[in-house]
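First up is the structure itself, then whatever we jot down about it.
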Amino acid sequence: QKEVEQDPGPLSVPEGAIVSLNCTYSNSAFQYFMWYRQYSRKGPELLMYTYSSGNKEDGRFTAQVDKSSKYISLFIRDSQPSDSATYLCAFTNYGGSQGNLIFGKGTKLSVKP
Amino acid sequence: DAGITQSPRHKVTETGTPVTLRCHQTENHRYMYWYRQDPGHGLRLIHYSYGVKDTDKGEVSDGYSVSRSKTEDFLLTLESATSSQTSVYFCAISESKAGGPRDTQYFGPGTRLTVL
């Protein structure tokens with residue numbers, strides 16, 4: 001079983017749609033859960049950061065973590081063409097042997113006007 | 001890009017030649033990382049540094065070496081480049097690895113390397 005799985009898409013939605021992006025993971029030691037956004041030919045930038053289970057909202061973005069199911073989601077409400085990017089989930093194991101980030105492969109999102 | 005620059009931004013080289021990529025930060029962060037990003041593989045850690053002259057291997061370190069002689073600079077060297085090292089290379093920095101927001105990694109703009 002892969003440590004992190006993320007559907008690569010591509011995902012194409014009309015402007016204004018609600019977008020759901022998901023990742024599953026197998027390492028129960030992961031404690032910090034992140035979503036990075038990467039525009040074409042740019043470096044990834046941190047979008048959302050959550051610790052443990054629950055929801056976190058920031059404007060049109062909501063990050064959800066379900067540790068019991070080892071499943072995290074990013075919801076984008078009222079999606080805009082400027083949201084078109086690749087979204088990467090990332091995990092880290094605080095206190096682990098290296099504590100380095102483990103990334104999903106990314107989901108490419110296209111929001112059509 | 002959080003005070004991170006990478007040079008060169010693009011490079012084409014031939015198999016067997018040495019290549020050095022440079023990452024420079026102005027944030028005085030302790031941790032610096034080198035990743036490669038390839039289709040179908042995502043971001044994979046090559047090496048990282050937790051201080052001047054302190055480095056460690058990541059997931060895909062074979063064929064790469066690193067050096068950090070100053071806080072602000074982290075160099076990635078391909079001693080003898082191969083076509084399998086054609087990739088986009090990203091440098092990242094973080095203030096801490098203690099967990100929490102200070103553990104956030106900030107990425108540079110990337111270097112596109114093509115090995116012919």
Side-chain angles (χ1 to χ4, degrees), chain A residues 2-10 21-25 27 29-52 56 58 63 65 67 72 85-109, chain B residues 1-7 9-10 21 23-25 29-50 54-61 87-113:
Chain A
K2 293 182 181 177
E3 196 164 26
V4 174
E5 300 215 40
Q6 182 176 12
D7 187 337
L21 305 169
N22 312 293
C23 287
T24 59
Y25 64 96
N27 188 342
F30 287 150
Q31 292 185 309
Y32 295 89
F33 308 91
M34 286 145 279
W35 287 95
Y36 279 79
R37 178 175 61 194
Q38 185 176 20
Y39 290 114
S40 180
R41 296 185 174 266
K42 298 286 188 181
E45 57 178 345
L46 183 68
L47 189 61
M48 299 283 287
Y49 183 108
T50 52
Y51 171 70
S52 196
K56 184 175 182 179
D58 183 2
V65 174
K67 290 187 73 175
I72 69 170
T86 296
Y87 291 80
L88 305 157
C89 56
F91 305 80
T92 189
N93 171 19
Y94 170 49
S97 59
Q98 290 187 327
N100 293 315
L101 290 184
I102 305 297
F103 286 89
K105 295 179 181 179
T107 299
K108 188 172 184 178
L109 171 67
Chain B
D1 291 321
I4 309 169
T5 56
Q6 292 185 232
S7 58
R9 294 293 313 280
H10 302 269
L21 308 183
C23 177
H24 179 78
Q25 61 148 328
H29 282 359
R30 179 181 174 190
Y31 290 87
M32 299 185 75
Y33 310 80
W34 276 108
Y35 291 88
R36 60 178 291 175
Q37 187 174 39
D38 305 287
H41 291 279
L43 276 164
R44 292 181 292 174
L45 182 65
I46 304 171
H47 282 279
Y48 69 100
S49 169
Y50 46 97
D54 292 322
T55 65
D56 205 350
K57 296 179 180 180
E59 179 188 356
V60 290
S61 59
S87 186
V88 181
Y89 291 86
F90 288 100
C91 174
I93 64 173
S94 67
E95 184 180 354
S96 168
K97 282 184 66 175
R102 292 175 64 206
D103 200 30
T104 299
Q105 291 189 18
Y106 299 93
F107 285 80
T111 294
R112 291 187 170 270
L113 176 68

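We name chains A, B, ... by the order of the sequence lines, and we start the count at 1 in each one.
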Step by step, would you call B:Gln37 with A:Gln38 a side-chain contact (heavy atoms from CB on, under 4.5 Å)?
CA-CA 12 Å; B:Gln37 187 174 39; A:Gln38 185 176 20; 2.9 Å; yes
Rounded to the nearest 0.5 Å, how far does [atom2] of [Y] lie from [atom1] of [X]?
X: B:Thr104; Y: A:Tyr32; atom1: OG1; atom2: OH; value: 10.5 Å
X: B:Tyr35; Y: A:Phe103; atom1: OH; atom2: CZ; value: 4.5 Å
X: B:Tyr33; Y: A:Leu101; atom1: OH; atom2: CG; value: 7.0 Å
X: A:Ile102; Y: B:Leu45; atom1: CD1; atom2: CG; value: 8.0 Å
X: B:Arg9; Y: A:Arg41; atom1: CZ; atom2: CZ; value: 10.0 Å

Counting C-beta onward and ignoring hydrogens, is there a side-chain heavy-atom pair between B:Gln105 and A:Tyr36 closer than 4.5 Å?
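When only atoms from C-beta onward are counted, A:Tyr36 and B:Gln105 do touch, with a gap below 4.5 Å.
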Take atom NZ in A:Lys67; do more than 12 heavy atoms of anything else shown fall under 6.0 Å from it?
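Atom NZ in A:Lys67 is packed in, count exceeds 12.
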At a 4.5 Å cut-off on heavy atoms, which part of B:Gln6 comes close to chain A: side chain, backbone, both, or neither?
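It is neither, since no heavy atom gets under 4.5 Å.
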Between B:Arg44 and chain A, with a heavy-atom cut-off of 4.5 Å, which part of the residue counts as in contact: side chain, backbone, both or neither?
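No part of it gets close to chain A.
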Return yes if some donor-acceptor pair links the side-chain N/O of A:Lys105 with the main-chain N/O of B:His41 below 3.5 Å, else return no.
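Absent.
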